[in-house]
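Worksheet: one structure, shown below.
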Amino acid sequence: MDFEAYKIRSEINRLKARLKEIDEELMSEEEKAVMCASNVCGQDVVLDTLQTLCRERGLENIAVMACWQKSMGKKSRWYSTTITPSFLPYLIRDVDTLIKYLKPLMNYNALKILEYISIKSESIGTLELAEKLHIPIDDIEKELINLSKNNFIKQEDGKWESTLKGWQTYIVLSHLAYNYEWKLETEKALKIAEAFKSVLNKEWGEPLNMTYDEVMKKLSMSKWLDKLYKQGIKDSDIEKAVYENNYLQEA
């Protein structure tokens, strides 16, 4: 082993650890909530990149979107972009652009088709898709033509698969819908995360491998349940937290 190289790597690791400590001291509670899931999704790495970009370029806010998919037997596909949000109105010209983009997706069957084709890596035929989704063949053919015309899906050798546009669109729209319709509020997540760490020895984002009833029983036996109730946490909040933290094993 090269002793000098070992010393340099050790010093780099020490400096990285210290820099992370300093950054955490400057973080808001919401940023810390993002960090607590980093062992699963690496959000701390993304956050660190955004913070660095803002500091180096003197920006007040910046957004990044990144998608990556490794398909069996196919080329992996990915997309990433970094942009200052205030530039977006200029870039899209007018909100009519958003309406035009989303209009083909604004019905139940279209979104179910896009969801299925985007998540399932294999291509699928029209009849099989109709059977899987329990949609009448005439209705599904109509939506397939609509989605294909707008480049959300494509047909090859008689089978359908998502385009890069369709795949990215489903990921982004569903993520936004989850965040604002189902995701537990940050303040509540922080309180429940503390209980999970203390009672279950689980960081936020780790699969619990327990049912809601099992978690409630352990929280009750540890007196943490009463503590959470006094902090304004409801049973429905804990149920939502259990669901969120078990998503990896359900996938």
Side-chain angles (χ1 to χ4, degrees), residues 37 40-43 45-46 49-50 62-85 87-183 205 207 243-244 246-251:
V40 174
C41 55
Q43 289 181 349
V45 178
V46 177
T49 301
L50 292 179
I62 197 166
V64 61
M65 183 180 79
C67 308
W68 183 78
Q69 181 186 59
K70 180 65 175 176
S71 298
M72 297 297 293
K74 297 181 180 180
K75 291 183 179 180
S76 61
R77 55 185 178 184
W78 62 277
Y79 174 78
S80 66
T81 183
T82 305
I83 191 168
T84 303
F87 294 167
L88 287 171
Y90 172 79
L91 294 174
I92 68 169
R93 274 68 167 180
D94 189 84
V95 293
D96 282 338
T97 301
L98 295 177
I99 296 171
K100 180 182 178 182
Y101 188 94
L102 294 172
K103 190 175 180 180
L105 303 174
M106 291 299 98
N107 71 78
Y108 183 86
N109 286 347
L111 285 172
K112 285 299 293 183
I113 292 168
L114 183 63
E115 177 182 65
Y116 189 90
I117 294 179
S118 296
I119 297 305
K120 301 294 182 180
S121 58
E122 72 274 7
S123 302
I124 188 169
T126 302
L127 183 59
E128 184 182 359
L129 185 61
E131 293 173 349
K132 291 279 187 183
L133 299 180
H134 306 290
I135 298 174
I137 191 69
D138 290 343
D139 293 340
I140 209 162
E141 286 179 341
K142 173 185 174 183
E143 293 304 335
L144 288 170
I145 292 171
N146 173 47
L147 291 171
S148 177
K149 178 182 176 182
N150 288 281
N151 197 34
F152 289 105
I153 61 174
K154 63 181 179 181
Q155 189 177 38
E156 289 188 3
D157 300 324
K159 294 195 173 183
W160 297 96
E161 60 183 53
S162 65
T163 62
L164 189 60
K165 174 185 175 181
W167 175 68
Q168 292 167 4
T169 299
Y170 176 76
I171 290 171
V172 174
L173 291 181
S174 296
H175 194 201
L176 287 172
Y178 158 70
N179 277 337
Y180 293 106
E181 295 295 327
W182 288 106
K183 189 175 181 180
Y243 185 87
E244 288 186 18
N246 276 334
Y247 79 98
L248 284 179
Q249 68 189 56
E250 297 293 336

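FYI, side chains are in, hydrogens and waters are out, and symmetry mates aren't considered; it's all heavy atoms of this structure.
If you take CD1 on Ile145 and CD1 on Ile140, they are separated by 11.5 Å, rounding to the nearest 0.5 Å. Remark: Asp94 CG to Lys100 NZ distance equals 12.0 Å, nearest 0.5 Å. Here Ile113 contributes atom CD1 and Ile135 contributes atom CD1; the two are 5.0 Å apart, rounded to the nearest 0.5 Å. Here CG of Leu133 is found 10.0 Å from CD of Glu128. Values are rounded to the nearest 0.5 Å. For the atom pair CG of Leu111 and CG of Leu147, the computed distance is 8.5 Å after rounding to the nearest 0.5 Å. We find the NZ-CG distance between Lys183 and Leu176 to be 11.0 Å, quoted to the nearest 0.5 Å.
The minimum heavy-atom distance linking Gly166 with Ser118 is given by the pair O-OG, 3.7 Å. Shortest non-hydrogen contact noted between Trp160 and Ser148 is CZ3-CB, 3.7 Å. Here the closest non-hydrogen pair linking Leu91 and Arg93 is O-NH1, 2.8 Å. Annotation for Phe152 and Tyr101: closest pair CZ-O, 3.7 Å, computed over non-hydrogen atoms.
Counting heavy atoms from C-beta outward, Leu129 and Leu144 have side chains that approach closer than 4.5 Å. Two residues are said to be in side-chain contact when any heavy atoms from C-beta on lie closer than 4.5 Å; Ile137 and Thr126 meet this criterion. Considering only heavy atoms from C-beta on, Leu105 stays 4.5 Å or farther from Asn150 through its side chain. Looking at Asn146 and Glu143, their side chains come closer than 4.5 Å, going by heavy atoms from C-beta outward.
Within a 6.0 Å radius of NZ in Lys159, no more than 12 heavy atoms belonging to other residues, nucleotides or ligands are found.
No close placement of the Tyr170 and Tyr116 rings is indicated, their centers lying 6.0 Å or farther apart.
The backbone N or O of Asn109 sits less than 3.5 Å from a side-chain atom of Asn107, completing a donor-acceptor pair.
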